[in-house]
Trainee: 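Take a look at this one; I'll ask things after.
The structure displayed is predicted, hence computed values, not measured ones.
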Amino acid sequence: MSTILVTGGTGTLGTLVTARLRARGHDVRVLSRHSPEYPVDLVAGTGLDAAMAGADTVVHCASATRSAGKGDEEAARNLVAAARRAGLGHLVYISIVGVDAVPFPYYRRKLAVERILTESGLGVTVLRTTQFHDLVKMAAEALGKLPVVLVPKGIPVQPVATGDVAARLAELAEGSPAGRAPDFGGPETRTLDAWLRAYYAGLGKRRAVVPVPLFGRAYAAFRRGGITAPEHSDGTGTFAAYVAALASGTRPEPS
């Protein structure tokens, strides 16, 4: 049994990673600013030394998604410094397919964090995954407030189940540092407009989805398949099953 820390352990992915690791018999410490046992502020760097004492591995799931990753780089530097002081053997990081291809501010910060970790001299594993089912749902809900939904045309998307990603991260945390691990994607790739139609149909919502061509470097990168990994369609959870669970009122991504 190992002692494994999970940053962002109260979030959607971190909760599932924590459950997977505990089910495998590991001692898991959930790090957050409000944790009664291990109160940690990654950006300020407080609480890390106490949390890492005697730990073997960190699974780094925390990210400031609501502010496009602001503070993520500083958090990574603090995590690296604390890991060095603790003599930590392995740091696992969850990243995104396309961070080196799509010029988005959040993607740039995720790529910067990858570099901070891989250049740290520590034992590191980086796993890039495609978009979670939840993200497609969020896009559908944000764009679907009107009967006509305008959506960027021709963007391939390969949604993956959060539970599948959690299982893969747990496997990687149990192994030796692997550097850049093989990418991990969902079982099927379709255009974004097709996924949105499937979402609305599955929930019985009447929406007219209209693909609209856009311009710019980011859009071009998306259209080239920058956020997909068709050669790594390893996930098994389908978007259809996810939507069916939502429609029935059950938990769509069980641990």
Trainee: Any salt bridge linking Lys205 with Glu141? Criterion: basic side-chain nitrogen under 4.0 Å from a carboxylate oxygen.
Mentor: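 Here Lys205 pairs with Glu141 in a salt bridge, since their nearest N and O are under 4.0 Å apart.
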
Trainee: State whether a side-chain donor-acceptor pair under 3.5 Å links Asp72 with Ser63.
Mentor: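 Distance-only check passes for Asp72 and Ser63.
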
Trainee: Restricting to non-hydrogen atoms, name the atom on Pro159 and the atom on Val136 that form the minimum distance, rounded to 0.1 Å.
Mentor: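 Heavy-atom minimum between the residues: CB-CG2, 4.1 Å.
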
Trainee: Any sub-3.5 Å donor-acceptor pair from His90's side-chain atoms to Gly175's backbone N or O?
Mentor: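 Pair found, side chain donor or acceptor close to backbone of Gly175.
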
Trainee: Closest approach of Val6 and Cys61, non-hydrogen atoms and distance?
Mentor: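 Looking at all heavy atoms of both residues, the shortest contact is CG1-SG, 4.4 Å.
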
Trainee: Is the backbone N or O of Ala229 less than 3.5 Å from a side-chain atom of Gln158, with the two atoms forming a donor-acceptor pair by type?
Mentor: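 It does hold such a pair.
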
Trainee: Please report the shortest heavy-atom distance between Tyr107 and Val99, naming the atom on each side.
Mentor: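 Scanning both residues, the minimum pair turns out to be O-CB, 3.6 Å.
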
Trainee: Is the shortest heavy-atom distance from the side chain of Ile4 to the side chain of Arg29 under 4.5 Å?
Mentor: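 SC-SC contact between Ile4 and Arg29 ruled out.
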
Trainee: When you measure from the side chain of His60 to the backbone N and O of Thr7, does any donor-acceptor pair fall under 3.5 Å?
Mentor: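 Checking the backbone N and O of Thr7 against the side chain of His60, no donor-acceptor pair under 3.5 Å is found.
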
Trainee: Taking the six-membered ring for Trp and the full ring for Phe, Tyr or His, determine whether the centres of Phe184 and His232 are under 6.0 Å apart.
Mentor: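 No - the distance between ring centres of Phe184 and His232 does not fall below the 6.0 Å cut-off.
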
Trainee: Between Thr125 (side chain) and Ala178 (backbone), is there a donor-acceptor pair under 3.5 Å?
Mentor: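 Checking the backbone N and O of Ala178 against the side chain of Thr125, a donor-acceptor pair under 3.5 Å is found.
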
Trainee: Does a side-chain heavy-atom distance below 4.5 Å link Val58 with Tyr93?
Mentor: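 With C-beta onward as the side chain, the pair stays apart.
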
Trainee: Between Arg197 and Val209 (side chain of the first, backbone of the second, donor and acceptor by atom type, cut-off under 3.5 Å), is there such a pair?
Mentor: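 Side chain of Arg197 to backbone of Val209: a pair is present.
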
Trainee: With respect to His26, which candidate in Thr3, Leu21, Asp56 satisfies the side-chain contact (heavy atoms from CB on, under 4.5 Å) definition?
Mentor: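 Among Thr3, Leu21, Asp56, the one that satisfies the side-chain contact (heavy atoms from CB on, under 4.5 Å) with His26 is Leu21.
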
Trainee: Using modelled atom types and a 3.5 Å cut-off, is there a donor and acceptor pairing between side-chain atoms of Arg207 and backbone atoms of Gly144?
Mentor: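 Pair found, side chain donor or acceptor close to backbone of Gly144.
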
Trainee: Knowing that exactly one of Phe239, Tyr199, Trp195 qualifies, which makes a ring pair (Phe, Tyr, Trp, His ring centres under 6.0 Å) with His133?
Mentor: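 Only match with His133 under ring pair (Phe, Tyr, Trp, His ring centres under 6.0 Å): Phe239.
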
Trainee: Can any side-chain N or O of Ser120 pair as donor or acceptor with the backbone N or O of Leu122 at less than 3.5 Å?
Mentor: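 Here the side-chain-to-backbone pair exists.
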
Trainee: Using 0.5 Å steps for rounding, measure from the CD atom of Glu114 to the CD1 atom of Ile96.
Mentor: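 The CD1 atom of Ile96 is 9.0 Å from CD of Glu114, to the nearest 0.5 Å.
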
Trainee: Going by the rule side chain to side chain donor-acceptor pair (under 3.5 Å), which residues pair with Asn78 if we only count those two or more places apart in sequence or in a different chain?
Mentor: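 Partners of Asn78 by the side chain to side chain donor-acceptor pair (under 3.5 Å) criterion come out as none, since no residue qualifies.
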
Trainee: So, does Arg180 use its side chain to make a donor-acceptor pair with the main chain of Thr118 at under 3.5 Å?
Mentor: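 No; judged by distance alone, with no hydrogens or angles, the pair does not exist.
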
Trainee: Taking atom CZ as the centre, does Arg84 end up with more than 12 heavy-atom neighbours from other residues, nucleotides or ligands that are less than 6.0 angstrom away?
Mentor: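 For Arg84, atom CZ is crowded (more than 12 foreign heavy atoms under 6.0 Å).
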
